[in-house]
Amino acid sequence: MADNKANRQRLRTAVRSVSKSRADLGELRSAATASNAEWLRRSPRRLSVGAAKFSSFRAFPAIGRKRTREPSAQPGFGGRCERQDHATRKPATRVILETRGVSKSFSGFVAVNNVSLRIWEGTIHSLIGPNGAGKTTLFNLLTKFLRPTAGTIRYEDRDITTMRPAKLARAGVARSFQISATFSNMTVLENVRIALQRGYCWQLNFWDSRKVLCELDHAAQDLLAEVGLEAFSDRLAAELTYGGKRALELATTLALKPKVLLLDEPMAGLAAEEISRITALIRRVAKGRTVVLVEHNLGVVADLSDEITVLQRGEILASGTYNEVSQRPEVIEAYMGTGDV
Amino acid sequence: KIGVMNDQSSIYADLSGLGGVEAARMAIEDFGGKVLGQPIQLISADMQNKADVAANIANKWYDNENVDVIVDVPNSAAALAIQEIARQKKKLVLFSTAATSELTGNKCSPYGAHWTYDTYALAAGTARALIQSGALKWYFITADYAFGHQLQSDTTKFIKAAGGTVVGSALAPFPTQDFSSFLLSAEGSSADVVALANAGGDTINAIKQAREFNFNKSGKRLAALLMFISDVHSLGLKAAQGTILTTGFYWNLNDATRAWSKRFYARRHAMPTMTQAGVYSAVLHYLQAVKASGTKEPLTVMKKMREMPIHDFFAANGRLRPDGRMVHDMYLVQVKSPAESKGPWDYYKILHTIPADQAFRPMKDGGCPLVSH
Amino acid sequence: MFGIPLPILLGQLMLGLINGAFYATMSLGLALIFGVLNIINFAHGALYMMGGFFAWILLQYFGLGYWYALILVPIIVGIIGLVIERLLLRHLYNLDHVYGLLLTFALSLVIEGVFRQNFGVSGQPYDIPTALRGGFDLGFMFLPTYRAWVLAASVGICLFTWVVVEWTRLGSYLRAATENPALARAFGIRVPSLITMTYVGGVMLAAFAGVLAAPIYQVSSIMGSNIIPVVFAVVVIGGLGSIFGAVATGFLVGLLEGLTKLIYPPATNTAVFILMVVILLLRPQGLFGKRNY
Amino acid sequence: MSDRDQSADRCLTVTNLHAHYGDSHVLHGIDFFVNDGEVVSLLGRNGAGKTTMLKSIMGLIGGRTGSILFKGTELVGREPEDTARLGIGYCPDDRGIFASLSVAENLLLPPVVKSGGMELEEIYNLFPNIKERLSASGNKLSGGEQQMLAIGRILRTGARLLLLDEPTEGLAPRIVKQIGRALRTLKTRGFTILLIEQNFKFASTISDWHYLVENGKVVDGISSDNALKDPIKLQRYLGI
Amino acid sequence: MSWQKTAWLVGAVAIAAALPFFVYPVFLMQAMALAIFACGFNLLLGYAGILSFGHAALFGSAAYVCGYAAKAWHLPTELAILCGTAASGILGLVYGILASRQRGIYLAMITFALSQMIYFICVQAPFTGGEDGLQGIPRGTFLGIVNLSQSLNLYYFDLGVFVLALLLFWRIIESPFGQVLRAMKGNELRTVSLGYDVDVLKLVCFAMSGAFSGLGGSLQAFALGFASLDNVQWHVNGDVILMTLLGGLGTFFGPVVGAVLVLSIQNYLASLGGIVTIVEGVVFATIVMTFRRGLVGELQPRLGRLLRAWTRRGAVEQASVDIVPGAKQPTDVAGSRSVA
Ligand SMILES: Nc1ncnc2c1ncn2[C@@H]1O[C@H](COP(=O)(O)OP(=O)(O)OP(=O)(O)O)[C@@H](O)[C@H]1O
Ligand SMILES: Nc1ncnc2c1ncn2[C@@H]1O[C@H](COP(=O)(O)OP(=O)(O)OP(=O)(O)O)[C@@H](O)[C@H]1O
Ligand SMILES: [Mg+2]
Ligand SMILES: [Mg+2]
């Protein structure tokens with residue numbers, strides 16, 4: 001039973017049935033959030049262990065019972081989920097992010113080698129590959145945290161090879177980090193607000209009181225609710241658990257309302273039930289934007305991706321849909337391995 | 001009420017510092033502890049060689065603590081600042097440790113007096129006497145700040161006037177630990193005299209290293225333009241011997257100086273430097289003037305101080321000029337070798353006594369606005 | 001070069017190198033301490049001064065000469081360092097380095113104050129030991145034997161320290177302990193004693209330099225505060241945490257100062273800072289530093 | 001906790017362990033044990049206190065009370081370095097790679113405390129990536145490579161009890177499988193392993209016994225076989 | 001509770017206005033100047049997490065510029081102060097440009113190097129008067145009306161400037177910009193990834209810090225009537241860190257308290273005779289060892305608690321007001337729930 005695949009299957013069924021019947025993921029989300037927030041709220045405080053243990057599945061039928069939120073109150077996304085399965089998705093329209101023959105070497109060591117990658121607008125594109133294949137490095141190249149040694153990178157038909165990272169972020173490419181990067185000296189709410197604030201006022205605005213930012217509190221709270229952290233909004237980010245930090249990382253990234261969302265191993269270190277919840281969240285926020293995902297949890301990858309690129313030793317080994325890629329012997333050899341666990 | 005302000009915790013602590021305070025105390029005791037029927041109060045402060053602290057203390061003393069006169073004050077910046085403050089507040093200040101001749105030049109004040117020495121006197125003393133003895137070619141190792149520059153240029157004037165030449169000079173940053181490079185250059189020059197236009201630790205290190213590099217073998221003479229007996233003491237005779245310098249006071253000069261200095265030694269376990277003796281002299285003279293004029297009113301007292309000749313162990317025939325300069329005899333001395341020294345603190349041979357009227361800058365050259373030319 | 005005769009140039013470089021020996025020894029200790037304790041040891045100058053003073057005290061009150069001092073003084077000062085580390089610094093390791101800087105700054109105020117109160121500022125004489133008097137003529141300059149000895153001794157002690165730290169496991173232990181002491185302990189590395197020993201070692205180096213300096217410079221309570229800014233600069237130019245960098249840069253800066261004294265003496269004290277700005281602009285991690293610091 | 005061999009030699013016995021981070025009380029009286037040669041995993045939700053359990057065993061937590069017996073030696077009150085030298089190897093959840101050390105130095109860092117550790121060659125075979133990057137500095141490795149290094153370096157020391165905090169996090173499936181095989185090899189060589197895992201599938205293939213941790217307490221224990229046979233329990237605790 | 005705030009404010013202003021009748025005004029003016037200086041430093045270290053070890057040059061050179069402007073160009077006092085402030089602002093910008101690639105100790109040391117270079121310039125440049133200092137800076141008049149050579153007048157003028165500067169400072173740190181600075185202090189990389197130009201932020205921060213330091217330096221130049229090398233000396237780099245840390249890093253009033261403390265030690269212990277620095281050292285060490293967050297940093301929470309307890313008691317006595325708003329602390333609330 002406690003097998004990822006079964007788990008995934010079940011989740012999918014659950015989601016589908018719910019979506020079919022209510023067709024309103026906004027409500028589903030709120031409910032899921034409410035129940036999942038439970039562990040986060042509970043665990044650090046050590047409440048009684050008793051009856052409060054229900055899995056996320058059990059919580060799903062409870063949709064609509066708890067408070068629901070206006071979908072429009074959700075910043076940047078929300079609303080109905082038209083997509084039920086990635087297979088039925090309408091075809092992608094244009095290439096939004098593209099690398100052409102990009103390489104990166106670190107004092108002789110080639111981490112990314114002549115990679116040409118196209119990411120279609122509106123898709124969820126996964127990057128997988130063995131450890132050290134260059135996925136994070138490619139992310140860093142795409143977000144301009146690193147400068148390529150060769151090749152060009154284009155975003156929305158512009159050459160961004162020499163752009164500064166902050167500028168690219170403002171242009172709509174946001175990322176999360178493999179090792180959670182939170183502002184540990186600020187509260188959870190402020191963490192999210194810092195991201196929201198960027199679109200709200202000039203970064204050098206020192207003449208307004210920060211009270212003007214209170215307008216953003218509501219939106220920030222909503223985002224926190226998305227990831228199940230609303231009960232923690234007044235806590236310092238440093239006090240969150242590992243999973244909490246991952247969730248905050250995601251919320252902060254989402255607050256940027258990016259066009260392209262790059263997620264570096266969002267599931268790493270999460271407990272099983274969290275994985276399903278974050279998977280649902282990613283699916284939801286992927287609507288209307290492009291997601292690039294690095295993940296080792298193949299269940300999640302299979303579940304979410306429209307397209308998959310496999311990297312190995314800095315080069316593209318294969319690409320295609322999950323089913324195509326996962327059959328390829330070289331991918332199995334290099335990445336998945338043979339035999340049971 | 002008398003305030004002694006000096007540096008008790010930094011580079012001037014040895015040559016003025018608590019010794020200066022003690023000298024002032026002795027002056028008050030010798031005077032009888034009372035003037036105009038009131039007890040004389042003494043307060044002191046450590047200005048930590050910081051001009052802003054000095055200025056603050058001076059302000060506070062004059063305004064809130066009713067200090068009538070501030071004595072000593074090392075550090076040119078602090079001294080000049082206090083000169084201004086005293087002028088504004090119309091109170092008196094008697095400088096002993098400060099060196100800059102500006103105090104009686106452009107910046108002179110009816111409320112200030114400069115007691116012990118200044119850069120001009122040091123230059124005059126050493127340069128004239130050495131040139132007379134035939135040392136015509138000079139090389140300077142100069143501390144690269146206003147004091148050093150002034151010392152060098154004052155000395156150069158005398159050298160030029162007396163027909164000597166300056167064959168070279170090196171500006172050493174302040175402070176410098178290692179003078180060997182400069183000494184090396186000096187040794188390579190054709191100079192007869194190498195003059196150290198610096199002070200304190202710089203002078204000490206320079207002389208010490210001169211010995212290390214066998215400088216005296218080269219036949220050149222080493223002249224320290226500003227050196228105190230405390231410096232000689234800390235260097236030791238072995239290292240310091242032969243150095244020529246100008247001083248305003250030497251304890252072992254005559255019976256009067258010896259008598260006072262022994263008393264001072266009993267209290268401080270060190271012989272007085274010229275500035276400490278100067279503090280005594282200044283305080284005593286001030287008190288006598290107050291007594292003589294029967295009031296503490298600053299200008300009256302100052303007038304009296306100018307009228308009365310200064311006659312004590314420090315200055316046998318001193319007088320205070322209208323520009324604030326106290327003129328007295330200065331002495332050109334050479335540091336004895338260990339063999340010549342007869343006992344502890346017996347350090348100097350007097351080469352030459354510079355009479356008061358030649359030792360200091362003539363009033364008309366100073367540019368002091370108080371004296372009409 | 002700049003129309004300066006070769007002998008003079010050589011002479012100046014030689015002298016610069018000898019001054020560099022002091023910088024090297026001092027900055028080696030400082031770099032060690034910074035590397036491991038993450039503390040900018042402001043008290044380093046004061047400890048150097050103590051080194052000089054204890055040498056003088058041993059001579060004055062106990063009649064023990066230079067050679068005894070060379071052995072005994074680093075031990076005595078080392079013990080003082082041990083006390084400082086155990087009582088005070090120990091509590092600051094997990095804080096920002098500003099706190100360490102502040103505490104050691106305070107310590108140096110106190111130490112210098114105490115010595116000044118007791119021994120004045122103009123200092124005390126200390127003679128060159130008889131065995132090292134005199135000098136020899138190198139042709140281009142007169143080199144006092146003692147200076148040659150200083151050079152040899154500090155090169156020796158630096159090499160020794162370097163070998164001990166880099167060629168034994170100690171080096172990686174020290175760096176690991178700096179970065180994540182708790183984890184290093186969890187691997188069985190005895191971090192607390194390692195830290196203490198490093199501090200004591202660094203302090204002993206300073207004291208050693210102090211004894212070496214006593215016959216050349218005046219033993220005075222302010223001798224340390226004059227040298228300390230330069231030594232900081234040396235450590236930074238060399239690259240924080242790089243032991244070799246500290247030593248090499250020490251000598252380099254000595255040479256640079258020697259040259260400056262020839263070309264434009266007033267800038268001698270500033271030259272090292274100009275060098276630092278230039279180097280850090282070109283190589284932000286210092287000459288021999290690793291990037292991740 | 002019925003079907004467990006109570007008579008075997010105990011490697012680790014934890015009784016009534018409490019732990020605090022400053023003011024916050026995180027472990028509330030933990031009781032569990034590990035037999036010699038066993039592989040035991042700790043399962044639980046995020047924030048349940050699993051990491052804290054390992055840290056308190058190592059002595060990396062200031063406020064801990066209760067008793068932790070390692071082969072008869074009390075660990076509470078011991079400094080971490082002494083604990084490690086008794087033969088316990090720890091692989092932290094954040095990998096704890098030293099950035100200022102090269103990969104090789106990282107690997108060689110932990111002193112060998114007992115004989116019988118793995119040879120370097122074996123470690124390289126297990127994790128070929130490491131061998132390629134030996135001279136790189138520690139933090140330049142990819143996330144997964146760091147994980148390999150973190151595990152690799154404690155295999156050298158000869159510690160008989162390994163505490164592994166999420167050793168498969170961020171690793172490619174192939175490497176996970178590889179690590180699984182490695183752990184089984186270690187087990188056959190007599191190593192005792194205490195493991196934290198989110199990946200239950202992985203844990204179930206190598207562990208003999210699972211403890212379920214919740215809110216700072218061990219709430220249940222279950223053998224691997226039972227866990228597979230009876231998924232309800234796990235679902236209740238873990239949501240799987 | 002805004003009446004309370006108003007009461008506090010009025011009280012503070014009243015005290016400040018009355019203070020020169022009890023404490024020496026020049027001392028107060030210098031304290032205010034140093035406090036502004038320390039605030040400027042605190043902006044960098046306390047809020048943006050950048051340790052500069054070269055602020056002496058920003059402070060001291062402003063004093064020279066301002067003094068020179070007033071003395072040689074006969075600029076009115078306000079303009080001279082502006083000159084000094086602007087000069088240091090620009091210098092701060094230069095610092096920022098040269099130092100912003102650096103981090104941590106390297107940044108501290110490169111600023112230190114820059115300040116040493118400026119010290120060198122101050123020693124060498126003719127207009128600074130070398131170690132004699134720039135003497136006799138005229139205090140001038142305020143707007144051509146108020147004669148500032150009266151210490152009391154200058155004090156009130158300074159007080160005005162001081163309050164304005166503090167308000168401005170408060171605005172800066174409590175603005176959206178201030179929030180971004182905090183974020184940058186927390187995690188620079190993440191700040192970049194959120195679309196903030198960290199380099200620009202740092203530059204602006206340096207310039208602001210420089211301007212505050214310059215304002216402090218200018219005020220001090222007028223208060224004392226001279227500018228000297230003491231202000232550019234490298235010890236001042238340490239002094240300003242001391243002030244900030246003693247008062248409380250990253251607290252609003254910390255630097256002010258720290259400046260007063262350090263200045264008091266230097267001035268009021270001056271009569272102890274040579275042991276000032278020893279006492280100073282002991283005090284600093286004690287504070288580092290025991291009051292790690294600085295006086296304000298340590299006392300503020302305690303005072304806050306006291307105050308809250310006090311208001312709560314008041315509330316209970318009035319028996320009408322709800323307890324919660326006065327004492328809302330998330331941990332308390334959650335804690336009580338876990339007991340229930
Ligand atoms: N700054 C750097 N300097 C040197 N080498 C680097 C640097 N960054 C990454 N590398 C190397 O480049 C390779 C690719 O690293 P990258 O982080 O991109 O891998 P990855 O695909 O994200 O792996 P994982 O799945 O383990 O996170 C690795 O071998 C790593 O050691
Ligand atoms: N440094 C810390 N300071 C304060 N509280 C902490 C700290 N580290 C952890 N905690 C708290 O201790 C509790 C247990 O944390 P722990 O890291 O042991 O959980 P975990 O079971 O390992 O979770 P995960 O699977 O997310 O790693 C959590 O509630 C967490 O908030
Ligand atoms: Mg990665
Ligand atoms: Mg954990």
Side-chain angles (χ1 to χ4, degrees), chain A residues 41-42 44-48 143-145 164-177 180-187 190-191 193-213 216 231-235 237-238 249 252-253 255-256 258 262, chain E residues 2 43 46-49 96 100 167-209 211-212 249-250 252 293 328-340:
Chain A
R41 194 183 308 127
R42 209 174 50 222
R45 290 280 128 223
R46 307 278 154 255
L47 292 185
S48 64
T143 49
K144 308 311 311 152
F145 278 81
R164 278 172 300 118
K167 192 162 176 217
L168 184 64
R170 289 198 292 270
V173 179
R175 69 172 299 184
S176 72
F177 288 85
S180 296
T182 54
F183 304 115
S184 48
N185 55 340
M186 301 168 91
T187 67
E190 284 169 336
N191 262 270
R193 212 170 57 184
I194 278 291
L196 287 171
Q197 179 186 331
R198 224 258 297 103
Y200 182 78
C201 59
W202 195 37
Q203 58 179 351
L204 297 184
N205 180 336
F206 61 84
W207 48 87
D208 277 327
S209 163
R210 71 168 177 193
K211 297 224 171 69
V212 301
L213 298 177
L216 302 173
F232 290 82
S233 55
D234 292 336
R235 302 281 292 273
E249 170 97 20
T252 313
T253 314
L256 295 174
L262 297 103
Chain E
S2 74
L43 181 67
Y47 293 93
S100 60
L167 286 179
L168 178 63
F169 189 72
W170 175 256
R171 170 49 68 241
I172 290 175
I173 58 171
E174 288 292 310
S175 70
F177 172 70
Q179 291 294 99
V180 182
L181 286 190
R182 278 178 67 204
M184 188 170 81
K185 184 184 180 190
N187 190 334
E188 197 175 314
L189 213 58
R190 188 59 172 148
T191 320
V192 175
S193 82
L194 294 184
Y196 292 103
D197 290 299
V198 168
D199 290 347
V200 176
L201 289 168
K202 280 188 185 166
L203 277 189
V204 171
C205 209
F206 258 109
M208 283 178 170
S209 175
F212 272 105
L249 192 64
F252 180 70
R293 283 179 293 166
K328 188 171 179 184
Q329 264 191 339
T331 43
D332 279 5
V333 175
S336 59
R337 201 195 303 156
S338 75
V339 173

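A, B, ... follow the sequence lines: proteins, then strands. Residue 1 opens every chain. On a predicted model such as this, the values are computed, not experimentally measured, just so you know.
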Student: Please report the shortest heavy-atom distance between A/Asn185 and E/Arg182, naming the atom on each side.
Tutor: ND2-O, 3.1 Å
Student: Report which part of E/Leu189 has an atom under 4.5 Å of a heavy atom belonging to chain A: side chain, backbone, both, or neither.
Tutor: both
Student: In the structure I gave you, are the side-chain heavy atoms of A/Arg170 and E/Asp197 within less than 4.5 Å of one another anywhere?
Tutor: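 Of all side-chain heavy-atom pairs linking E/Asp197 with A/Arg170, at least one is under 4.5 Å.
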Student: Could you check which of E/Val198, E/Val192, E/Asp199 has the highest count of heavy-atom pairs closer than 4.5 Å to chain A?
Tutor: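 The option with the most such pairs is E/Val192.
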Student: Any idea which heavy atoms bring A/Phe183 and E/Thr191 closest together, and the distance?
Tutor: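 The pair with the smallest heavy-atom distance is CE2-OG1, 3.4 Å.
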Student: Given the rule in the side-chain hydrogen bond (donor to acceptor under 3.5 Å, both in side chains) test, do A/Ser176 and E/Arg190 qualify, once you have shown the distances and angles that lead to the verdict?
Tutor: CA-CA 9 Å; A/Ser176 72; E/Arg190 188 59 172 148; over 6 Å; no
Student: If you count heavy-atom pairs within less than 4.5 Å of chain A, which of E/Cys205, E/Gly186, E/Ala183 leads?
Tutor: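 Highest number of heavy-atom pairs under 4.5 Å: E/Ala183.
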Student: What part of A/Leu256 is in contact with chain E, defined as an atom under 4.5 angstrom from a non-hydrogen atom: side chain, backbone, both or neither?
Tutor: side chain
Student: Counting only heavy atoms closer than 4.5 Å, note whether A/Arg175 contacts chain E via side chain, backbone, both or neither.
Tutor: both
Student: Between E/Ser193 and A/Ala169, which heavy-atom pair has the shortest distance, and what is it?
Tutor: O-CB, 3.5 Å
Student: Locate the shortest heavy-atom distance separating A/Met186 from E/Gln179; write the atom from each residue and the value.
Tutor: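 The answer is CE-O, 3.8 Å.
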Student: Distance from E/Asn187 atom CG to A/Phe177 atom CZ, nearest 0.5 Å?
Tutor: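 The CZ atom of A/Phe177 is 7.0 Å from CG of E/Asn187, to the nearest 0.5 Å.
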